[in-house]
Colleague: 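Questions regarding the structure given below will be posed in turn.
Nothing here was measured: the structure is a model prediction, and the numbers come from that model. In what follows, residues are counted from 1 in the order of the sequence shown.
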Amino acid sequence: MSGVIVTNPPKAAAKDVEALAAYGVATVHEAMGRTGLLGTHLRPVQHDTRVAGTAVTVLSWPGDNLMIHAAVEQCGEGDILVVTTTSPSTDGMFGELFATALHRRKVRGLIINAGIRDTVELREMGFPAWSAAVSPQGTVKATGGSVNVPVAIGGQVIRPGDVIVADDDGVVCVPRERARQVADASEAREVKEAGARAAFQEGQLGLDRYGLRETLVRLGVSYQSYDEYEYERGGGPEHERERLDGAGS
């Protein structure tokens, strides 16, 4: 497997990345029209952490972390390393030593569609990571791959310089050209949700706030008392009493 290391790809503007960092993955995902998620299999090794940064992408051979070493050189302040493999892998391709090198370069975190190890050390040093697996299985450094090329995780294409937002809910990718638009849409959604939250705290129901009663009627959903429901099922209240009496005999 040959490959290429692309240097100095375009990136989303830093101010737009910082704007997106203020919002959770669920909000950003919804603001993009429910797109951009990298799948439910990527889970954080830490809790209560949210990061946003620009992607440095890596395409590696399974069980081989040579290209992660190559990618470290291409990483800088504000980046997030995004790693995937040419076929499924759960080997522990990334650990504390990589994190130490990336932390020195002010990289904000790791997304890896493979295995990770040294999780205790990663938590202790405060290096955020999301992975598809946790495994102590080691790797080799023997096969070429690529850095800063488009990669796919969970059916989502991630290009170098796209914005990655990650938290306890998962990981979302925002195309670099849409970063400002999505940040603005996320802000609008937060304002809307703040209004709904205040209304719910006052006792309003979502059925009324969102006009969902009309939706229920349109879909043919009706309200029935318990006795009416049991009667239509063919039992009726008398049958229910007989059933309960029989259970106690």
Side-chain angles (χ1 to χ4, degrees), residues 1-14 16-17 20-21 25 28-29 32 35-39 41-45 51-95 98-99 101-116 127-133 139 141 143-167 170-179 182:
M1 174 181 172
S2 59
V4 61
I5 298 173
V6 179
T7 62
N8 299 316
K11 296 182 178 182
D16 296 336
V17 176
L20 285 166
V25 166
V28 174
H29 167 63
M32 283 201 298
T35 62
L37 290 181
L38 272 57
H41 65 298
L42 296 174
R43 304 308 305 154
V45 300
V51 298
T54 45
V56 172
T57 61
V58 180
L59 181 62
S60 289
W61 194 260
D64 191 313
N65 65 7
L66 172 64
M67 299 315 295
I68 299 180
H69 283 279
V72 170
E73 184 182 26
Q74 303 304 315
C75 290
E77 183 174 1
D79 286 333
I80 292 179
L81 187 64
V82 179
V83 181
T84 191
T85 52
T86 56
S87 61
S89 175
T90 59
D91 294 336
M93 298 176 63
F94 184 101
F98 272 137
L102 291 177
H103 187 267
R104 173 68 175 77
R105 302 176 80 87
K106 299 183 179 180
V107 172
R108 293 178 177 171
L110 167 81
I111 314 298
I112 183 166
N113 193 30
I116 197 170
F127 188 84
W130 287 254
S131 69
T139 59
K141 303 164 181 60
T143 312
S146 294
V147 175
N148 277 336
V149 299
V151 298
I153 299 177
Q156 175 68 41
V157 175
I158 306 102
R159 301 167 304 160
D162 285 347
V163 184
I164 299 295
V165 182
D167 62 17
V171 185
V172 67
C173 176
V174 180
R176 56 183 182 253
E177 300 90 346
R178 296 186 60 194
V182 174

Colleague: So, the side chain of Asp16 versus the backbone of Ala179: is there a donor-acceptor pair under 3.5 Å, distance only?
Modeller: no
Colleague: Is there a donor-acceptor pair closer than 3.5 Å between any side-chain N or O of Thr57 and the backbone N or O of Val149?
Modeller: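 Confirmed, Thr57 side chain pairs with Val149 backbone.
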Colleague: Stepwise, does the side chain to side chain contact (heavy atoms under 4.5 Å, CB included) test hold for Val82 with Ile164?
Modeller: CA-CA 9 Å; Val82 179; Ile164 299 295; 3.9 Å; yes
Colleague: Taking the side chain as C-beta and beyond, is there a heavy-atom pair between Val51 and Ile80 under 4.5 Å?
Modeller: yes
Colleague: Would you say Arg43's side chain and Trp130's backbone share a donor-acceptor pair under 3.5 angstrom?
Modeller: no
Colleague: Any side-chain heavy atom of Thr143 sitting closer than 4.5 Å to one from Leu66?
Modeller: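 When only atoms from C-beta onward are counted, Leu66 and Thr143 do not touch, as no gap falls below 4.5 Å.
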Colleague: Go through it in stages, so that I can follow the logic: the residues are Leu59 and Thr86, the test is side chain to side chain contact (heavy atoms under 4.5 Å, CB included), and I'd like the CA-CA distance, side-chain angles, deciding distance and then a yes or no.
Modeller: CA-CA 7 Å; Leu59 181 62; Thr86 56; 4.0 Å; yes
Colleague: Find out whether Val163 and Arg176 are in side-chain contact, i.e. whether some heavy atom of one side chain is under 4.5 Å from a heavy atom of the other.
Modeller: no
Colleague: Taking atom CD of Glu73 as the centre, report whether more than 12 heavy atoms of other residues, nucleotides or ligands fall under 6.0 Å from it.
Modeller: no
Colleague: So does Val56 get a backbone contact from the side chain of Asn148, meaning a donor-acceptor N/O pair under 3.5 Å?
Modeller: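 Flag not set: sc Asn148 to bb Val56 has no pair under 3.5 Å.
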Colleague: Considering only heavy atoms from C-beta outward, does the side chain of Lys141 approach that of His69 to under 4.5 Å?
Modeller: yes
Colleague: If you take all heavy atoms of Pro62 and Ser89, which pair is closest and at what distance?
Modeller: CB-CB, 3.8 Å
Colleague: To the nearest 0.5 Å, tell me how far Ile158 CD1 sits from Thr84 OG1.
Modeller: 7.5 Å
Colleague: I'd like to know whether Val6 forms a side chain to side chain contact (heavy atoms under 4.5 Å, CB included) with Val147, so could you lay out the CA-CA distance, the side-chain angles of the two residues, the decisive distance to 0.1 Å, and finally the verdict.
Modeller: CA-CA 6 Å; Val6 179; Val147 175; over 6 Å; no
Colleague: Under 4.5 Å between any side-chain heavy atoms of Cys173 and Leu38, yes or no?
Modeller: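 Side-chain contact under 4.5 Å: yes.
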Colleague: Identify the two heavy atoms, one from Ser60 and one from Met67, that lie closest to each other, and give their separation to 0.1 Å.
Modeller: OG-CB, 3.6 Å
Colleague: Counting distance only, does the side-chain N/O of Thr54 pair as donor-acceptor with the main-chain N or O of Asp162 below 3.5 Å?
Modeller: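 It does not hold such a pair.
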Colleague: Could you tell me whether the side chain of His41 and the main chain of Ala132 form a donor-acceptor pair under 3.5 Å?
Modeller: no
Colleague: Give the intermediate values and the outcome of side chain to side chain contact (heavy atoms under 4.5 Å, CB included) for residues Arg105 and Gln74.
Modeller: CA-CA 10 Å; Arg105 302 176 80 87; Gln74 303 304 315; over 6 Å; no
Colleague: Check Phe94 against Ile68 and note the closest heavy-atom contact, atom names and distance.
Modeller: CD1-CG2, 4.4 Å
Colleague: Any salt bridge between Lys11 and Asp79, counting N to O under 4.0 Å?
Modeller: yes
Colleague: Identify the two heavy atoms, one from Ala52 and one from Val165, that lie closest to each other, and give their separation to 0.1 Å.
Modeller: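 Shortest heavy-atom contact: CB-CG2, 4.1 Å.
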Colleague: Between Asn65 and Thr139, is any side-chain donor less than 3.5 angstrom from a side-chain acceptor?
Modeller: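 The criterion, which ignores hydrogens and geometry beyond distance, is satisfied for Thr139 and Asn65.
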Colleague: Looking only at heavy atoms, what is the nearest atom pair of Ile153 and Val83, with distance?
Modeller: CD1-O, 4.1 Å
Colleague: Shortest non-hydrogen contact from Val172 to Thr35?
Modeller: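 Distance-wise, the nearest heavy atoms are CG2-O, 3.9 Å.
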Colleague: Please tell me if the side chains of Met93 and Ile116 come closer than 4.5 Å, counting only heavy atoms from C-beta onward.
Modeller: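 A side-chain contact is absent here, since even the closest heavy-atom pair is not under 4.5 Å.
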Colleague: Would you say Cys75 and Leu102 make side-chain contact, with heavy atoms under 4.5 Å?
Modeller: yes
Colleague: Are the side chains of Ile111 and Leu81 in touch, meaning some heavy atoms are under 4.5 Å apart?
Modeller: no
